[in-house]
K.L.:
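Okay, here's the structure, questions in a sec.
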2 protein chains.
Amino acid sequence: MAEDRRTRRTRRALGSALVELVLERGFSALTVEDITERADVARATFYAHFKGKDDLFARVATDLLEQLAQRLEPAVSGSAVGFTGKPLLEMLRHVSDERDTYRVVLRGEGDGKPLQMFVDSCAAATAQEFKARAERNSVQPRIDADLLARVWVGEQIAVLRWWAEQDTPPMPAEEVVRMLLDLALHGRYWASGFTAPDQD
Amino acid sequence: MAEDRRTRRTRRALGSALVELVLERGFSALTVEDITERADVARATFYAHFKGKDDLFARVATDLLEQLAQRLEPAVSGSAVGFTGKPLLEMLRHVSDERDTYRVVLRGEGDGKPLQMFVDSCAAATAQEFKARAERNSVQPRIDADLLARVWVGEQIAVLRWWAEQDTPPMPAEEVVRMLLDLALHGRYWASGFTAPDQD
DNA sequence: AACGTTTACAGACACAATGTTTTGTATCTT
DNA sequence: AAGATACAAAACATTGTGTCTGTAAACGTT
């Protein structure tokens, strides 16, 4: 009782068509018929699989997240948590492999809901690691934990987005990771080449 | 030849109605009629002012940005640029004053287009300041400038968003600025209470 | 290879939202 | 007060939505 091949085919076709078309025209400009036409699928068939275009988009996004989680598992469970760079490296690679889908999600199409899912997922993972580290080493953060987590995740998303929008990689993924490790270590002034801030 | 009062009234009413309704139901779930009903304006009148709901939303967003730019001007032109914290402080205050509108924009409603406007605006300002500093002090950033700018802006947006979503301020705006200055100075490990990263 | 089952297709349907137009009325500016 | 302008109300064609048919093809199973 394995999944029907026709089902797989049409679902895939609809998902790809959605991503293509969102990149071309933007999510809100699309009709269900646009999608089915591109995918070469009858409109009625679309509704046999999805409630509407939001539903389709949501599934595309969750599929992406599941795939990412799967690829991230060894990197996360391996190290004793913290910002080792391994998870980020794996993420960058995943983005390279699924560039179009990431672009669509990270651009915040679909009223930012799929992106929200992504952010929440990252935030949850971050908060968890964060707490674990704090407990393990029994230290108190010098900056409000909630605020710090937001900054952390916002930074990661910004990097992924930048990475996704590149047509041709401006530098190897390992280089990006190295830079961000340095940034996390030394702070932004160091990174920008300065040693002292303007205080006024 | 000042602007007609009726025009101002209806435009305001429609803008407020949009923000209210987006917070309640989300942008994509709204119809033009929903908005006109809430604003107590005839549907035909709506189209006399705006091309559609996207257009209305775009104007609400640009109005917000203009207002922000106006409030930011003294803070930016006053200091010789750099991360002084003054602009950020002013931004946080503006968010407090226009919380609802900021929520709507920063959540990425409307396929993230208004948010994109916001990000681009911040990125442009950041890049400009960044370049000016580098030239003034004739130093080379240790991290790719483009990447650093993204991280920078991503961080700011994350903070603003966190700030906007608070119902009751968890700390004074000045405190937030202080934390972020510290973060920019010393890096993330310092902020989280650690001194050395996990390297593996 | 033939079976019963599942899925896709094409077309038709009522319904909802869009965007435009018209005409009369109320409210502005000067 | 007078002329201009914006608004309300209603009707309109158009487009997209979501659902439902009967029929044909592809599927997994045995």
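Only this structure's heavy atoms are used, side chains among them; waters, hydrogens and symmetry mates stay out. Below, read A as the first sequence line, B as the second, and so on, with proteins coming before strands; counting in each chain starts at 1.
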K.L.:
Closest nucleotide of DNA chain C for B:Arg5 versus for B:Lys51: which of these residues is on the 5' side?
P.N.:
B:Lys51
K.L.:
Do B:Glu98 and B:Arg71 meet the salt-bridge criterion of a basic N to acidic O distance under 4.0 Å?
P.N.:
no
K.L.:
Report for the helix from C:dG4-D:dC27 to C:dT30-D:dA1: angle between first-end and last-end helix axes, five pairs each, rounded to 10 degrees.
P.N.:
50°
K.L.:
Please determine whether a side-chain nitrogen of the Lys or Arg among B:Asp97 and B:Arg93 lies less than 4.0 Å from a carboxylate oxygen of the Asp or Glu.
P.N.:
no
K.L.:
Are A:Val151 and B:Trp162 close enough that some pair of their side-chain heavy atoms sits under 4.5 Å apart?
P.N.:
no
K.L.:
Give a yes/no answer on whether the side chain of B:Tyr47 brings an N or O atom under 4.0 Å of OP1 or OP2 in C:dG19.
P.N.:
yes
K.L.:
Which distance, rounded to the nearest 0.5 Å, do you find between the CG of A:Leu147 and the CG of A:Asp144?
P.N.:
5.5 Å
K.L.:
Looking at B:Lys113 and B:Asp54, does any basic side-chain N land under 4.0 Å from a carboxylate oxygen?
P.N.:
no
K.L.:
For B:Asp55 and C:dG19, what is the distance between atoms CG and P respectively, to the nearest whole Å?
P.N.:
11 Å
K.L.:
Using atom CZ of A:Phe50 as one end and atom P of D:dT17 as the other, report the distance to the nearest whole Å.
P.N.:
15 Å
K.L.:
Taking side chain as C-beta onward, heavy atoms only, is A:Arg107 less than 4.5 Å from A:Leu23?
P.N.:
yes
K.L.:
What one-letter contact string describes nucleotides 1-12 of chain D from 5' to 3', where B marks a base within less than 4.0 Å of any protein heavy atom, S marks contact via sugar-phosphate atoms alone, and - marks no contact?
P.N.:
----BSSBBB--
K.L.:
Closer than 4.0 angstrom, basic N to acidic O: yes or no for A:Asp167 and A:Arg103?
P.N.:
yes
K.L.:
Looking just at side-chain N and O atoms, do A:Asp120 and A:Gln116 make a donor-acceptor pair shorter than 3.5 Å?
P.N.:
yes
K.L.:
Side chains of A:Asp182 and A:Trp190: does their closest heavy-atom pair fall under 4.5 Å?
P.N.:
yes
K.L.:
Does the distance from a Lys or Arg side-chain N to an Asp or Glu carboxylate O, for A:Asp55 and A:Arg59, drop under 4.0 Å?
P.N.:
yes
K.L.:
With a 4.0 Å heavy-atom cut-off, tell me which residues in residues 26-35 of chain A come close to DNA chain C, sorted by residue number.
P.N.:
none
K.L.:
Hey, are the side chains of A:Tyr102 and A:Leu68 touching, using non-hydrogen atoms and a 4.5 Å cut-off?
P.N.:
yes
K.L.:
Roughly how many Å is it from CD in A:Glu37 to C1' in C:dC9, rounded to a whole number?
P.N.:
15 Å
K.L.:
Within this structure, what is the NZ-to-C1' distance between B:Lys53 and C:dG19, rounded to whole angstrom?
P.N.:
14 Å
